[in-house]
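Working notes for the structure below.
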Amino acid sequence: MKSFSKSFFKKDTIAVAKALLGKLLIRETPSGLIVARIVETEAYLLDDPASHSFNGRTPRNAPMFGVSGKSYVYFTYGMYNCLNVTTNKKGVGEAVLIRALEPVEGIEIIKRNRGNVEEKNLCNGPGKLTIAFGITKEENDIDLLDEGSELRLMATGKARDFEIVETTRVGISKATEIQQRFYIKRNKWVSSK
DNA sequence: ACATCGATCTACT
DNA sequence: GTAGATCGATGTA
């Protein structure tokens, strides 16, 4: 494993959304470490009507307009949280939504957090993976590149060994034609929809 | 004050 | 495999 360079997330958001596939999300919990591989992402750009940042900066989406490489956690459906990684320069409101994870380590903790669900359903959706990782608005706007963070990202140091599928995004009512959802081809941990 | 937005689970077929 | 039920936060008027 190796850390990311700060500049990694300043690249254009679509490139980051693709580059995040195969990278590791790490969570420190009181009961131990959880590690999972990112297998599905979506890019949300500044000029995108489906993006929270489309109508400008507000208290909720402020992390998207801050520096890159931080978390943006938002609450949806009155019961779920979703995790994004901020991208691009300060002042440019863009982010990548993490949609699905493949458990690598700490799967017993994930199972305890998720309750009685099938193994493949543990982290195959943005609301599911935040439950699995115990992520709430407490984890909003934290530095995902700092090794001291309880939630952080790591690169693997390995070359990419999978193909990326590009398709339309899930669960949005605007800009549904934009193909900015990316996932690892033939990976069984990708969300079903 | 009110309209808009969206992920998951359950129960059933 | 799928239809239906579930709610609160947000932003604008």
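To find a chain, count down the sequence lines: A is the first, B the second, and so on, and within it residues start at 1. Values below: all heavy atoms of this structure, side chains included; hydrogens, waters and symmetry mates excluded.
Protein atom CZ of A/Phe54 is 13 Å distant from nucleotide atom P of B/dG6, rounded to whole Å. For the pair A/Leu122 CG and B/dT8 C1', the computed distance is 14 Å after rounding to whole Å. Look at CD1 on A/Ile131: it is 8 Å from C1' on B/dT8, rounded to the nearest Å. For the pair A/Arg181 CZ and B/dA7 P, the computed distance is 11 Å after rounding to whole Å. The CD-C1' distance, from A/Glu40 to B/dA7, rounds to 13 Å in whole Å. At whole-Å resolution of the value, CG in A/Asn84 and P in B/dA7 are 11 Å apart.
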- A/Ile135/A/Leu151 under side-chain contact (heavy atoms from CB on, under 4.5 Å): CA gap, chis, key distance, verdict: CA-CA 9 Å; A/Ile135 295 169; A/Leu151 180 68; 3.9 Å; yes
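Mapped onto DNA chain B by nearest heavy atom, A/Ala50 and A/Asn116 fall at different nucleotides, with A/Ala50 at the one closer to the 5' end.
Where DNA chain C meets chain A (any atom under 4.0 Å from a heavy atom), the bounding nucleotides read 5' to 3' are C/dT6 to C/dG11.
Contact annotation for A/Gly127: backbone-only contact, meaning every heavy-atom pair under 4.0 Å involves sugar-phosphate atoms and none involves a base. Base contact: A/Tyr80 has a heavy atom under 4.0 Å from a base atom. Counting any heavy atom pair closer than 4.0 Å across all strands shown, A/Arg57 reaches no nucleic acid atom.
A/Lys23 meets the salt bridge (charged side-chain N to carboxylate O under 4.0 Å, His left out) test with no other residue; sequence neighbours excluded.
A donor-acceptor pair under 3.5 Å is formed between the side chain of A/Ser149 and the backbone N or O of A/Asp143. Although no hydrogens or angles enter the test, the distance criterion places a donor-acceptor pair under 3.5 Å between the side chain of A/Arg114 and the main chain of A/Asn121.
Note on A/Val35 and A/Trp189: separate hydrophobic clusters, where clusters join Ile, Leu, Val, Met, Phe, Trp and Tyr whose side-chain heavy atoms are under 4.5 Å apart, directly or indirectly. When hydrophobic clusters are built by joining Ile, Leu, Val, Met, Phe, Trp and Tyr residues whose side-chain heavy atoms come closer than 4.5 Å, directly or via intermediates, A/Ile178 is not grouped with A/Val170.
Between the side chains of A/Ser191 and A/Glu40, at least one donor N or O sits under 3.5 Å from an acceptor N or O. Of the N and O atoms on the side chains of A/Asn124 and A/Lys128, at least one donor lies less than 3.5 Å from an acceptor on the other residue.
Checked against a 6.0 Å centroid threshold, the rings of A/Tyr74 and A/His52 count as neighbours.
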Protein-nucleic acid N or O pairs under 3.5 Å, nucleotides 3-5 of chain B:
unit_1 : atom_1 : unit_2   : atom_2 : d
B/dC5  : OP1    : A/Lys174 : NZ     : 3.1

